[in-house]
Number of protein chains: 2
Amino acid sequence: MLPKNYQLIYEIVEESGLGHHLTPSEIYALARRRRPGLGLTTVYRGLERLRDLGLVSELNVPGADAAAYEPSGPRHAHFRCKRCGTIEDVAFAIPARTLRKLAAAHGFTIDAERITFGGRCSACSA
Amino acid sequence: MLPKNYQLIYEIVEESGLGHHLTPSEIYALARRRRPGLGLTTVYRGLERLRDLGLVSELNVPGADAAAYEPSGPRHAHFRCKRCGTIEDVAFAIPARTLRKLAAAHGFTIDAERITFGGRCSACSA
DNA sequence: GACTCTACTGGGAATGACTTTCATTTTCAA
DNA sequence: TTGAAAATGAAAGTCATTCCCAGTAGAGTC
Ligand SMILES: [Mn+2]
Ligand SMILES: [Mn+2]
Ligand SMILES: [Zn+2]
Ligand SMILES: [Zn+2]
C-alpha cells in the first residue's frame, strides 16, 4: 500500500502531464500547498520509491542543476536549449532491435536508455 | 596559446585513451604527479576551456556522482552498469540525417547528442 | 480499546561536486 | 622594461542530495 504522501507526490507528477518535467523542489512546493507540513526529505524518498515502482521516470539532463521527473510513458528523447534551459520532449527512441543487437554484441543487458540533445530552441535561435 | 597547465590536463585526458573516462579529481591526482602545486580549481578551469575548444568531451552519466572527461573523437554512446558503475563505450550514434529531421520538425538546432544506456555488465550478470 | 512492531516522517546536519572570490603571480606584446 | 590581461591556488561559498535520529502514524493482533 503506497503511503499517502507518496500518493500525493505521484498525483502531482502525473497531473503535470507527459511533456512536463518537475524538479524535486518544484514538486515539494506544489505538494506543500495541499499538505503544508510535508518535508523535502519525504519528497526525495517518495520519488525514489515511485521510480523503483516504475511509476515515474527520472531525467538527468546535462547542464540542468537538478534532476527532473515525469510520469512514466512511451520512451522518448529530450532536448535542452543551452541558452534558456527549456526542456522539450522529442519523439525519438532507439528501436528495440537495435538495442538487442548492441546488448548482444557487448555482452551486457540494457534496461534503460537516456537520450538528450543540446542546442538552441526556436525562440533562442532568432 | 594554451596555458601550460591546461596543456598538461589535455595530455592526461588524451593519454588516457578513447575508451577511458576520467573525473576531475582523477585528472587532478594524475596531474599533481607531474606538477605538485597544481590546484583543483585550475583543473576545473582547464577542462572548461578544453571543452570550449572542442578538445575534450564531457560525459554526464546518470548515476555517476561526478562528470567524466574523454578526448574528443568519433561520436559514440555509453553504457553504465548499475551494479558496479563501470562505464563502457558503445559504438552507436544517431545518423546525421535523423538528427536533421528531428531538428527541422521541432524547429531547434542540435549541436550535441548524449546517449547513455543503463543495465548490467557481463561480469555483473553472472 | 490497548499493544506491538514496523514503516514513515521531518528537521537539521552532513556530504560532496562544483563555483566564486580575491589577492598574488605569470605572461607577453608594446 | 613595463603595464595590462590572463592565469593561479587557497579558501569560502553554493546547492542538490543524502544521512541521521528521535518522534509518529499505521496495520495487524489480541
Ligand atoms: Mn519527457
Ligand atoms: Mn567514451
Ligand atoms: Zn531557448
Ligand atoms: Zn557491472
Side-chain angles (χ1 to χ4, degrees), chain A residues 1-13 21-53 55-70 78 80 82 85 87 114 116 118, chain B residues 1-13 21-53 55-70 78 80 82 85 87 114 116 118:
Chain A
M1 224 305 193
L2 203 58
K4 204 145 187 298
N5 284 335
Y6 298 177
Q7 181 70 39
L8 170 58
I9 291 165
Y10 176 65
E11 280 167 23
I12 286 169
V13 175
H21 309 96
L22 300 175
T23 64
S25 303
E26 288 167 342
I27 294 165
Y28 174 64
L30 290 170
R32 271 175 84 84
R33 304 217 294 230
R34 278 202 251 165
R35 207 190 166 303
L38 189 75
L40 180 56
T41 310
T42 299
V43 172
Y44 275 99
R45 279 190 288 235
L47 288 171
E48 182 186 20
R49 169 76 58 83
L50 293 168
R51 199 196 312 141
D52 288 347
L53 292 172
L55 294 173
V56 306
S57 301
E58 191 188 36
L59 212 57
N60 297 93
V61 182
D65 49 350
Y69 290 83
E70 65 184 351
H78 292 95
R80 185 187 126 94
K82 285 177 180 173
I87 296 175
R114 211 65 65 79
T116 310
Chain B
M1 224 303 191
L2 204 59
K4 202 140 187 298
N5 284 334
Y6 298 177
Q7 181 70 41
L8 169 60
I9 291 165
Y10 176 65
E11 280 167 22
I12 285 169
V13 175
H21 310 96
L22 299 175
T23 64
S25 305
E26 289 166 343
I27 294 165
Y28 174 63
L30 290 171
R32 271 174 85 83
R33 303 216 296 228
R34 276 201 254 166
R35 202 187 170 305
L38 189 75
L40 180 56
T41 310
T42 299
V43 172
Y44 276 102
R45 280 191 287 236
L47 289 170
E48 180 187 21
R49 168 77 58 83
L50 294 169
R51 197 196 314 141
D52 289 348
L53 292 173
L55 293 172
V56 306
S57 301
E58 190 188 37
L59 211 57
N60 297 93
V61 181
D65 51 350
Y69 291 82
E70 65 183 352
H78 292 96
R80 186 186 125 95
K82 285 177 179 172
I87 296 175
R114 212 63 68 76
T116 310

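So that the names make sense, note that chain A is the first sequence line, chain B the second, and so on, each numbered from 1.
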For DNA chain C, whose closest nucleotide is more 5', that of K4(A) or that of N60(B)?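 Its nucleotide being nearer the 5' end, the pick is K4(A).
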
Go through E58(A) and L47(A) one step at a time and tell me if the side chain to side chain contact (heavy atoms under 4.5 Å, CB included) criterion holds. CA-CA 9 Å; E58(A) 191 188 36; L47(A) 288 171; over 6 Å; no

For the side chain of [X], starting at C-beta, report the closest nucleotide among [options].
X: P3(B); options: dT8(D), dC28(C), dT17(D); result: dT8(D)
X: Y6(B); options: dC8(C), dT8(D), dC28(C); result: dT8(D)
X: A66(A); options: dT17(D), dT8(D), dG12(C); result: dT17(D)
X: A67(A); options: dC18(C), dC19(D), dT17(D); result: dT17(D)
X: T42(B); options: dC28(C), dT8(D), dC18(C); result: dT8(D)

Do any side-chain nitrogens or oxygens of [X] fall under 4.0 Å of OP1 or OP2 in [N]?
X: T41(A); N: dT9(C); answer: no
X: R49(B); N: dA7(D); answer: yes
X: R35(A); N: dT9(C); answer: no
X: Y44(A); N: dG10(C); answer: no
X: N5(A); N: dT9(C); answer: yes

[atom1] of [X] versus [atom2] of [N]: gap in Å, rounded?
X: R45(B); N: dT25(C); atom1: CZ; atom2: P; answer: 16 Å
X: Y28(A); N: dA16(D); atom1: OH; atom2: P; answer: 13 Å
X: L2(B); N: dT26(C); atom1: CG; atom2: C1'; answer: 15 Å
X: D52(B); N: dA7(D); atom1: CG; atom2: P; answer: 12 Å
X: M1(A); N: dT6(C); atom1: CE; atom2: C1'; answer: 17 Å
X: E48(B); N: dA17(C); atom1: CD; atom2: P; answer: 18 Å
X: R32(A); N: dG10(C); atom1: CZ; atom2: P; answer: 9 Å
X: Y69(A); N: dA16(D); atom1: OH; atom2: P; answer: 13 Å

Quick one: does [X]'s side chain get under 4.5 Å of [Y]'s, heavy atoms only?
X: K4(A); Y: R35(A); result: no
X: V56(B); Y: I9(B); result: no
X: Y28(B); Y: R32(B); result: yes
X: T42(A); Y: Y6(A); result: yes

How is L38(A) classified with respect to the nucleic acid when contacts are heavy atoms under 4.0 Å: base, sugar-phosphate, or nothing?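 The residue L38(A) makes sugar-phosphate contact but no base contact.
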
